[in-house]
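To start, the structure under review is shown below, and the notes come after it.
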Amino acid sequence: MEFSTTERTTRTVFDGIQAGHEALPASLQRFRTLITTAGLGVPDDFFHGKTCADIGCGATVNSTFNLLNLNAEFVHALDLTESFIEPARRVLTAEPGFSGRWQLDVGSVARLPYADNKFDFVVCHGVIHNVENDDLALSEIYRCLKPGGMANLTVLGKGGLIGRLVMELLRDEYRTNPEFTALLDHGLNPDYLAQQIDWLKMQVENDGSESYRLSLQLLDALKGLLDHDWILTLQDRVQTPVYHTYRETEFESKLGRAGFSAWRRISRKPVYQNIRKILAPLYFHYQMPLARLLFQDGALVMVATK
């Protein structure tokens with residue numbers, strides 16, 4: 001199968017990001033527990049007997065792992081190039097209870113290599129917003145679902161102060177500022193950040209005041225909160241060649257055009273061990289004024305039905 005330059009570049013970016021996550025047990029645990037029956041609003045035994053697909057599974061096959069732990073009968077895990085197969089196979093074969101219940105497939109979400117009406121459940125987390133033709137991707141997911149089947153789709157919402165800072169300013173800087181490009185591609189790591197923070201601490205005027213003490217306390221906290229997991233999230237947002245963002249109503253319109261008969265937004269509050277711990281309540285309570293100010297529509301976690 002032939003892939004576009006954008007698809008191959010995106011896969012290369014995520015090869016690096018997912019290799020980083022593979023070395024972080026807390027990150028893997030977070031990604032492997034995002035899907036819950038309670039969060040989806042379905043019975044505890046919902047996945048029993050279900051044939052599922054993890055579209056854009058990545059080398060760490062986190063959603064596949066999640067679905068198999070939820071007792072899905074069989075999961076097809078698909079990603080763009082064969083680079084994901086060896087690490088994905090290593091992850092899944094390490095779990096004896098998963099034996100005979102999964103398959104690794106190479107393909108694009110824009111041209112899924114599956115028959116019509118094949119799956120009871122499809123998960124596609126953080127993929128659709130990285131493809132050139134997101135409408136086609138949604139139509140392909142719809143095509144492969146059985147009538148009454150469900151898709152759990154996650155894309156990034158549009159707007160907000162932090163949203164615009166990252167998705168507009170930083171993405172533009174990455175493409176126009178060689179120093180920032182080199183830093184994000186090769187030099188950004190927790191040790192580098194700690195060195196810069198230590199230098200800044202030495203420059204803050206020591207006037208013996210409470211503001212001085214609190215300033216050093218804040219900088220010391222940042223040393224612990226800007227970790228490798230946070231850096232990988234920044235690289236995810238900035239390095240990929242295509243990153244659509246959506247108003248909630250805009251994405252709902254796309255679901256309707258793809259053919260879905262119903263959809264609903266769900267909330268989740270992932271567990272972080274870095275600066276995103278402060279923001280996690282805003283992801284869950286996405287309608288609160290502070291959440292709207294910083295993220296506007298926030299991360300859109302949708303459950304759509306064929």
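All values below were derived from every heavy atom in this structure, side-chain atoms included, with hydrogens, water molecules and symmetry-related copies excluded.
Nearest heavy-atom pair, Leu255 versus Met302, reported as atom, atom and distance to 0.1 Å: CD1-CE, 4.3 Å. Shortest non-hydrogen contact noted between Thr240 and Thr10 is CG2-CG2, 4.5 Å. Taking every heavy atom of both residues into account, Leu78 and Gly107 meet most closely at CD2-O, 3.2 Å. Of all heavy-atom pairs between Ile35 and Leu70, the closest is O-CD1, 3.5 Å. When all heavy atoms are compared, the tightest approach of Val106 to Leu80 is CG1-O, 3.0 Å. For the pair Cys57 and Asp79, the tightest heavy-atom approach, listed with the atom from each and the gap, is N-OD2, 3.5 Å.
Taking OH from Tyr246 and CG from Leu300, the interatomic distance works out to 9.5 Å, rounded to the nearest 0.5 Å. The structure places CD1 of Ile278 at 13.0 Å from OH of Tyr272, a figure rounded to the nearest 0.5 Å. The structure places CH2 of Trp263 at 11.5 Å from CG of Leu153, a figure rounded to the nearest 0.5 Å. Going from atom CG of Leu145 over to atom OH of Tyr114 covers 12.5 Å, rounded to the nearest 0.5 Å. The distance from atom CG of Asn152 to atom CZ of Arg268, rounded to the nearest 0.5 Å, is 6.5 Å. Between the CG atom of Asn62 and the CG atom of Leu28 there is a distance of 5.5 Å, given to the nearest 0.5 Å.
Counted by atom type alone, Ser4 and Thr6 present zero donor-acceptor pairs between their side chains at under 3.5 Å. A donor-acceptor contact closer than 3.5 angstrom links the side chains of Ser83 and Asp15.
Applying the 6.0 Å contact sphere to CZ of Arg265 captures more than 12 heavy atoms from other residues, nucleotides or ligands.
With sequence neighbours excluded, no residue satisfies ring pair (Phe, Tyr, Trp, His ring centres under 6.0 Å) with Phe46.
His76 and Phe119 have their aromatic ring centers within a separation under 6.0 angstrom. Separation of the Phe121 and Phe47 ring centroids falls under the 6.0 Å cut-off. In this structure, Phe31 has its ring center no closer than 6.0 Å to that of Phe65.
For the pair Glu248/Gln296, no side-chain contact is recorded, criterion being any heavy-atom separation below 4.5 Å from C-beta on. Between Leu234 and Leu188, some side-chain heavy-atom pair lies under the 4.5 Å cut-off. Proximity of Gln29 to Val271: side-chain heavy atoms (C-beta onward) are nowhere separated by under 4.5 Å. No side-chain heavy atom of Leu34 sits under 4.5 Å from any side-chain heavy atom of Val123. Inter-residue side-chain proximity for Thr81 and Arg8 is flagged as met; some heavy-atom pair is nearer than 4.5 Å. Lys254 has its side chain within reach of Asp135: a pair of non-hydrogen atoms, C-beta onward, lies under 4.5 Å apart. Contact of the Leu282 side chain with the Met288 side chain is not registered, since no non-hydrogen atoms from C-beta on lie closer than 4.5 Å. Residues Arg89 and Trp102 have side chains in contact (heavy-atom distance under 4.5 Å, counting atoms from C-beta outward).
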Which is it for Asp198 and Lys223 under the side-chain contact (heavy atoms from CB on, under 4.5 Å) test, yes or no, and what are the steps along the way? CA-CA 9 Å; Asp198 285 340; Lys223 284 174 63 175; 2.9 Å; yes
Walk me through whether Ile141 and Cys124 qualify under side-chain contact (heavy atoms from CB on, under 4.5 Å). CA-CA 9 Å; Ile141 290 172; Cys124 190; 4.0 Å; yes
Assess whether side-chain contact (heavy atoms from CB on, under 4.5 Å) is satisfied between Arg90 and Glu22, documenting all intermediate values. CA-CA 11 Å; Arg90 185 169 62 246; Glu22 191 174 9; 2.9 Å; yes
Check the pair Leu226 / Ile275 against side-chain contact (heavy atoms from CB on, under 4.5 Å), numbers first and verdict last. CA-CA 6 Å; Leu226 300 180; Ile275 198 167; 4.0 Å; yes
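Under the 4.0 Å criterion applied to side-chain N and carboxylate O atoms, Asp229 and Arg276 are not assigned as salt-bridge partners. Taking 4.0 Å as the cut-off between side-chain N and carboxylate O, Glu210 and Arg213 count as a salt-bridged pair.
For the pair Thr181 (side chain) and Tyr174 (backbone), a donor-acceptor distance under 3.5 Å is present. Remark: side-chain polar atoms of Ser267 are paired, donor with acceptor, to backbone N or O of Phe284 under 3.5 angstrom. Formation of a donor-acceptor pair under 3.5 Å by the Ser209 side chain with backbone atoms of Tyr212 is found in this model. When atom types are taken as modelled, the side chain of Arg101 and the backbone of Leu68 share a donor-acceptor pair closer than 3.5 angstrom. A distance-only check finds no donor-acceptor pair linking the side chain of Glu95 to the backbone of Val91 [under 3.5 Å]. For Asp54 (side chain) and Thr64 (main-chain N/O), a donor-acceptor pair under 3.5 Å exists by modelled atom type. Judged by distance alone, the side chain of Gln18 and the main-chain N or O of Ala59 form a donor-acceptor pair under 3.5 Å. The closest donor-acceptor contact from the side chain of His244 to the backbone of Val131 lies under 3.5 Å.
For the salt bridge (Lys or Arg N to Asp or Glu O under 4.0 Å) test with Asp116, the passing option among Lys146, Arg143, Lys306 is Arg143; the others fail.
Cluster membership for Leu279 and Ile231, using ILVMFWY side-chain heavy atoms within less than 4.5 angstrom, is shared. Residues Leu24 and Ile17 are members of one and the same hydrophobic cluster, defined by side-chain heavy-atom contacts under 4.5 angstrom among Ile, Leu, Val, Met, Phe, Trp and Tyr. In the hydrophobic cluster analysis, where Ile, Leu, Val, Met, Phe, Trp and Tyr join through side-chain heavy atoms closer than 4.5 angstrom, Tyr283 is grouped together with Val166. Connection of Phe84 to Leu232 is not established within any shared hydrophobic cluster, with ILVMFWY side chains joined at heavy-atom distances below 4.5 Å, either directly or through further cluster members. The hydrophobic clustering, which links ILVMFWY residues whose side-chain heavy atoms are closer than 4.5 Å, places Trp230 and Met167 together.
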